[in-house]
Peer 1: 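The structure follows.
Note that the numbering runs from 1 along the sequence shown for the chain. Note: hydrogens, waters and symmetry copies are ignored here, and every other heavy atom, side chains too, is used. Only a predicted model underlies this, so the values are computations on that prediction, with no experimental measurement involved.
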Amino acid sequence: MTTKTAIKISNLNYTYEKSKEPTLSNINLTIPKGQFTVLMGAAGAGKTTLLLTLNGLIPQFMEGHFEGSVEIGDSFTDETPIQQLIQKIGLVMQDPETQIFGLTVKEDVAFGPSNLGLLIEEIEMRIHDCLAKVGLSGYEERSTEYLSGGEKQRLAVAGILAIGPDIIVLDEPTSELDPDGKDAIFGITKDLQKQRGMTIVMAEHESERVLAYADHVVVIQDGLIKWQGDPQTLFAQEDLVKQFSLRPPEIAKLYWEFTKQGGQLGEKCPRTVEELYRLLNIQSLPYPSTQQIHYEENMNLPIDTSEPILQVENLRHVYPNGREALKGISTTIYKGDYIAIIGQNGAGKSTFCKHFNRLLSPTSGRILFKGEDISDKTTSDLAQHIGYVFQNPDHQIFSPTVYEEVTWGLKIRGVGEKKQKELAQEVLEFVGLNKYASQHPLSLSKGLRQRLAVATVLILEPDVLIIDEPTTGQDWQGTQDMLRLINRLHEKGHTIIIITHNMSLVTDHAKRVFIMGNGQLLKDCKPEETFIDHEILREARIKPTQLVQLAEKLQLSHHDISVTSLVRKLMEGVPKHA
């Protein structure tokens with residue numbers, strides 16, 4: 001029986017207008033109907049550009065030099081009207097705000113099917129069904145303005161599903177979601193593939209989930225397809241993962257180290273912790289279940305608990321729509337702290353932090369900075385002491401060059417040009433952007449724009465630096481670069497507050513963890529205590545790292561765990577030929 005083809009790309013080349021180099025070169029790819037294919041590769045490799053060719057946005061809307069062909073079924077995307085293509089193939093873009101049109105969640109999901117001229121009853125059914133699929137049931141009347149970034153991303157997926165295409169294309173759909181939400185989106189797409197026979201094409205950096213869910217991986221590097229095959233074969237090869245600058249799943253790192261130590265786990269990397277555990281075939285462990293496994297200490301500096309820098313007293317915030325986002329939070333943040341704030345989308349993390357420099361004002365309660373109530377301070381007053389880097393760097397970038405963007409805060413404070421130049425050079429060197437000083441900020445990759453946003457705050461030399469989702473949408477190299485930058489800032493004496501869904505950041509970098517859920521501070525703990533209380537984890541929709549999951553299966557106590565120490569212990573209890 002011949003497998004039907006959903007997408008066929010032949011000899012595709014594409015160069016953006018005014019660009020000297022092609023973004024895509026000689027792309028030949030066939031995707032069978034019903035396959036779950038993931039595009040991987042570093043930022044700027046050409047993944048998004050390739051996705052935009054699948055529904056005709058390139059070349060019909062975006063100017064540039066287009067050669068070759070892209071076929072969706074029996075339709076060529078360069079000549080079939082986009083309004084016809086969207087009924088066959090739906091695209092969920094990386095930034096959900098670019099495709100949300102309705103004032104309410106219900107209106108937004110209804111937008112697509114309404115334009116297809118469907119009956120009201122059918123539209124209502126699709127709204128109900130699609131919101132349930134993405135975990136937004138009950139949100140029908142919620143204003144889209146007040147959705148969190150992750151909720152907007154789920155809504156964008158629901159809006160495309162409501163149109164009813166046979167192929168769904170997603171550009172990093174989980175970048176702003178909490179771990180539970182990431183699993184939900186991958187689970188939704190897998191269900192759509194299995195139950196409805198849909199073809200799924202996704203660009204994604206979430207390597208653990210790619211390994212667990214995808215059928216096929218295509219690695220793109222410098223606009224070329226460099227490798228393709230099943231994810232278990234890809235992640236079994238440490239040299240390939242490093243060559244392509246992909247984030248290694250923890251399960252893969254365990255597999256590599258176990259193999260190096262003489263363990264036999266087969267030629268393919270296990271997809272999940274459960275699969276690895278079964279392969280290990282552990283008969284008995286030669287050490288007690290209370291054994292503690294430590295890994296290399298992170299480089300955090302000690303906290304001086306005698307010097308509070310921010311004190312939060314019974315902080316409560318109610319949005320104009322009546323939603324109570326914060327429900328009486330009290331805590332103290334000390335000079336030199338490195339805090340990771342985690343919890344599900346909509347838990348109140350960003351709302352909480354925006355009170356520290358009065359981007360938001362409390363409904364009740366108060367905040368003290370160095371012992372002084374900030375209620376009579378303006379955001380401008382506080383910006384010099386408490387810097388805030390937004391989740392989307394584009395929300396705080398507006399100057400025509402990188403240099404002007406960095407120096408803007410100094411200009412409005414009356415700092416002389418000589419001092420501006422001196423400080424700008426120092427800060428741009430520190431964040432690795434000195435060679436981009438004359439470029440337009442929006443010409444930079446998202447990772448570099450995020451560094452620029454940090455620089456614009458850092459030049460004011462704040463005591464506290466708040467960074468909202470510093471690794472969102474970053475490739476592996478960008479993530480590592482950003483975390484090294486944050487560590488350097490901490491070592492220089494800045495108090496760091498990170499809002500994140502990246503659990504590896506929590507275990508490997510932070511010194512203190514706030515777990516938030518439903519507008520409350522559920523737990524304030526050390527990183528090694530983050531995953532102990534399963535009831536709190538369920539409430540906050542937090543999923544432990546794969547290393548922690550395996551340690552739990554082995555009945556090891558909750559402590560920071562490294563791949564090498566865990567494998568060393570495993571080798572003591574695993575048969576020679578597992």
Peer 1: Give a yes or no answer on whether the side chain of Glu275 reaches the backbone of Ala212 with a donor-acceptor pair at less than 3.5 Å.
Peer 2: no
Peer 1: May I ask you to decide if Thr174's main-chain N or O and Glu206's side chain share a donor-acceptor pair within less than 3.5 Å?
Peer 2: no
Peer 1: Please check this pair: side chain of Glu140 against backbone of Gly138, looking for a donor-acceptor N/O pair closer than 3.5 Å.
Peer 2: yes
Peer 1: Considering residues at least two apart in sequence or located in another chain, which fulfil the salt bridge (Lys or Arg N to Asp or Glu O under 4.0 Å) criterion with Arg484?
Peer 2: Asp481
Peer 1: Once you round to the nearest 0.5 Å, how far does OG1 of Thr98 lie from NZ of Lys152?
Peer 2: 11.0 Å
Peer 1: Between Glu208 (side chain only) and Pro249 (backbone N and O only), is there a donor and an acceptor less than 3.5 Å apart?
Peer 2: no
Peer 1: Taking C-beta and beyond as the side chain, do Arg154 and Tyr139 meet within less than 4.5 Å on heavy atoms?
Peer 2: no
Peer 1: Is Arg209 salt-bridged to Glu204, cutoff N-O under 4.0 Å?
Peer 2: no
Peer 1: Take a 6.0 Å sphere around CG of Asp230 and say whether it holds more than 12 heavy atoms from other residues, nucleotides or ligands.
Peer 2: yes
Peer 1: What I'd like to find out is whether the side chain of Val92 reaches to under 4.5 Å of the side chain of Gln99, using heavy atoms alone.
Peer 2: yes
Peer 1: What distance do Lys253 atom NZ and Leu547 atom CG have between them, rounded to the nearest 0.5 Å?
Peer 2: 7.0 Å
Peer 1: Mark yes when over 12 heavy atoms from residues, nucleotides or ligands other than His128 sit less than 6.0 Å from its NE2; otherwise mark no.
Peer 2: no
Peer 1: Output the distance between atom CD1 (Ile397) and atom CD (Gln450), rounded to the nearest 0.5 Å.
Peer 2: 9.0 Å
Peer 1: Rounded to the nearest 0.5 Å, how far apart are CD of Gln243 and CD of Gln237?
Peer 2: 10.0 Å
Peer 1: Can you sort out the partners of Tyr319 under side-chain hydrogen bond (donor to acceptor under 3.5 Å, both in side chains), two or more places apart, ordered by chain and number?
Peer 2: Thr351
Peer 1: Identify the two heavy atoms, one from Ala132 and one from Ser137, that lie closest to each other, and give their separation to 0.1 Å.
Peer 2: CA-OG, 3.1 Å
Peer 1: Check whether any side-chain heavy atom of Cys269 sits under 4.5 Å from a side-chain heavy atom of Trp256, and report yes or no.
Peer 2: no
Peer 1: Taking atom CG of Leu442 as the centre, does the number of heavy atoms from other residues, nucleotides or ligands within less than 6.0 Å exceed 12?
Peer 2: yes
Peer 1: Minimum heavy-atom separation for Ile31 to Val201, with atom names?
Peer 2: CD1-CG2, 3.8 Å
Peer 1: What do you reckon, is NZ of Lys190 surrounded by more than 12 foreign heavy atoms closer than 6.0 Å?
Peer 2: yes
Peer 1: Determine whether a donor-acceptor pair (N or O, by modelled atom type, separation under 3.5 Å) exists between the side chain of Gln396 and the backbone of Phe390.
Peer 2: yes
Peer 1: Output yes when a side-chain donor or acceptor of Gln153 lies under 3.5 Å from a complementary backbone atom of Glu172, and no otherwise.
Peer 2: yes
Peer 1: Crowded around Glu17 CD? As in, over 12 foreign heavy atoms under 6.0 Å?
Peer 2: yes
Peer 1: Is the shortest heavy-atom distance from the side chain of Asn28 to the side chain of Asn11 under 4.5 Å?
Peer 2: yes
Peer 1: So, the side chain of Glu107 versus the backbone of Leu103: is there a donor-acceptor pair under 3.5 Å, distance only?
Peer 2: yes
Peer 1: Are there over 12 heavy-atom neighbours, none belonging to Glu535, within less than 6.0 Å of that residue's CD?
Peer 2: no
Peer 1: Salt bridge check: are Asp191 and Lys133 linked by an N-O gap of less than 4.0 Å?
Peer 2: no
Peer 1: As an exercise, state the distance from CG of Leu448 to CE of Met482, rounded to the nearest 0.5 Å.
Peer 2: 9.0 Å
Peer 1: So, for Gln60 and Leu85, which heavy atoms are closest and what is the spacing to 0.1 Å?
Peer 2: NE2-CD1, 4.3 Å
Peer 1: Ion pair present between Lys88 and Asp74, side-chain N to carboxylate O less than 4.0 angstrom?
Peer 2: yes
Peer 1: Do we see a donor-acceptor contact under 3.5 Å between the side chains of Asn321 and Glu145?
Peer 2: no
Peer 1: Can you measure from CG (Leu211) to OH (Tyr213) and round to the nearest 0.5 angstrom?
Peer 2: 11.5 Å
Peer 1: If every non-hydrogen atom of Val389 is compared with every non-hydrogen atom of Ala453, which pair is closest and at what distance?
Peer 2: CG1-CB, 3.7 Å
Peer 1: Among Ile498, Ile486, Asn502, whose side chain to side chain contact (heavy atoms under 4.5 Å, CB included) with Thr471 holds?
Peer 2: Asn502
Peer 1: Using a 3.5 Å distance criterion without hydrogens, assess whether the side chain of Glu238 forms a donor-acceptor pair with backbone atoms of Ala252.
Peer 2: no
Peer 1: Does Asp171 use its side chain to pair, donor to acceptor, with the backbone of Ala203 at less than 3.5 Å?
Peer 2: no
Peer 1: Provide the closest heavy-atom pair for Lys47 versus Leu39 in the form atom of the first, atom of the second, distance.
Peer 2: CD-O, 3.8 Å
Peer 1: Show every side chain to side chain donor-acceptor pair (under 3.5 Å) that has at least one partner inside residues 536-546, sequence neighbours left out.
Peer 2: Asp183-Lys543
Peer 1: Of all heavy-atom pairs between Val241 and Leu234, which one has the smallest distance, and what is that distance?
Peer 2: CG2-O, 3.7 Å
Peer 1: Counting N and O atoms only, with roles assigned by atom type, does the side chain of Gln87 sit under 3.5 Å from a partner on the main chain of Pro165, one being a donor and the other an acceptor?
Peer 2: no
Peer 1: Do other residues, nucleotides or ligands put more than 12 heavy atoms under 6.0 Å from the CD atom of Glu63?
Peer 2: no
